[in-house]
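Just below is one structure, and these are the notes that go with it.
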Amino acid sequence: MSKTTTASADALDDHDEPAGTQAAQNVGGSRALGILLVITGLAGLLAAWVITLDKFKLLEDPSFKPACSLNPIVSCGNIMKSDQASAFGFPNPMLGLVAYGIVVCVGMSLIGRARFPRWYWLTLNAGMLFGVGFCTWLQYQSLYTINSLCLWCCLAWVATIVMFWYVTSHNVRNGLLPAPSWLRSFFGEFTWVLPVMHVGIIGMLILTRWWDFWTS
């Protein structure tokens, strides 16, 4: 990978290993990538924490109205009362408390110049892929089945999307994920495009789903 390509990846991996890193070799990441993971991890952790507290209050008092229940559409209470809010038999945000906490720890480790083996990076990437997939399912359920939005959930969605694309970019550009040279170059120059497009598509779906409500 050229110096120009490596340096232009939004400065998030300015100290990464060259592409083609050996599987057994530990690979680090830049402090900027670590900071991004800490910020997105804390954002997700905050969302999961607030939703968990409100869920407990709702269990204690079924008439409790969360502060983020602003109108019939933006209604966290409707989301929390749905079956989808406990997809694995327990409140979804409790999973987030663990997952986002791990992301924060990884980010802090990168800031401290930690280096990890290939399997570690791929496991992290796989976990984030699961997170994006789960968020996509929740987005569909929210828009087309529950017919309500939760602002804290939206924050968690954005955080998960951003961390997923930047960790994927890191792994592709460092040869941890097999990819053609043109894709490595694309990630080196335009990583930011993918999360922006991803979040933009979700925003458009939300806008069109309730267009009459927003414009009334």
Write down the atom of [X], the atom of [Y], and the distance for their closest heavy-atom approach.
| X | Y | result |
| --- | --- | --- |
| I146 | S82 | CD1-OG, 3.4 Å |
| S169 | T191 | OG-OG1, 2.8 Å |
| S75 | P72 | CB-O, 4.1 Å |
| G41 | Y100 | O-CB, 3.5 Å |
| T160 | G131 | CG2-C, 3.7 Å |

ILVMFWY network linking [X] to [Y], side-chain heavy atoms under 4.5 angstrom:
| X | Y | value |
| --- | --- | --- |
| F190 | V196 | yes |
| L129 | V98 | yes |
| M94 | L155 | no |
| L151 | L58 | no |
| Y166 | V193 | yes |

Item to check | Sidechain-backbone polar pair: R184 side chain, A179 backbone, donor-acceptor under 3.5 Å | outcome: yes
Item to check | Main-chain N/O of L205 paired to T208 side chain as donor or acceptor, under 3.5 Å | outcome: yes
Determine the interplanar angle of the [X] and [Y] rings, folded into 0 to 90°, and report it as parallel if under 30°, tilted if 30 to 60°, perpendicular if over 60°.
| X | Y | value |
| --- | --- | --- |
| F134 | W137 | parallel |
| W121 | F116 | perpendicular |
| H198 | W165 | perpendicular |

Could you tell me if the side chain of [Y] sits less than 4.5 Å from the side chain of [X], heavy atoms only?
| X | Y | answer |
| --- | --- | --- |
| L37 | V104 | no |
| R118 | Q25 | no |
| T168 | M128 | no |
| K55 | P93 | no |
| I79 | S142 | yes |
| L143 | L149 | yes |
| Y120 | V106 | yes |
| L176 | H170 | yes |

Could you state the interatomic distance from [atom1] ([X]) to [atom2] ([Y]), rounded to the nearest 0.5 Å?
| X | Y | atom1 | atom2 | result |
| --- | --- | --- | --- | --- |
| F164 | L194 | CZ | CG | 9.0 Å |
| N78 | S69 | CG | OG | 6.5 Å |
| S148 | W210 | OG | CH2 | 6.5 Å |
| K81 | L59 | NZ | CG | 11.0 Å |
| L95 | S86 | CG | OG | 11.5 Å |
| Q139 | Y144 | CD | OH | 10.0 Å |

Item to check | Under 2.5 Å between SG of C76 and C68 | outcome: yes
Checklist entry - Checking side-chain contact (heavy atoms from CB on, under 4.5 Å) against I202, which of I161, V158, L207 comes through? => result I161
Next on the checklist: Between I51 and D54, does the side-chain contact (heavy atoms from CB on, under 4.5 Å) criterion hold? Intermediate values first, please.
Outcome noted: CA-CA 5 Å; I51 297 172; D54 284 349; 5.8 Å; no
Item to check | Criterion side-chain contact (heavy atoms from CB on, under 4.5 Å) on W152 and L46, from CA distance to verdict | outcome: CA-CA 8 Å; W152 290 111; L46 173 64; 3.8 Å; yes
Next on the checklist: Surrounding OH of Y140 (heavy atoms of other residues, nucleotides or ligands, distance under 6.0 Å), is the total greater than 12?
Outcome noted: no
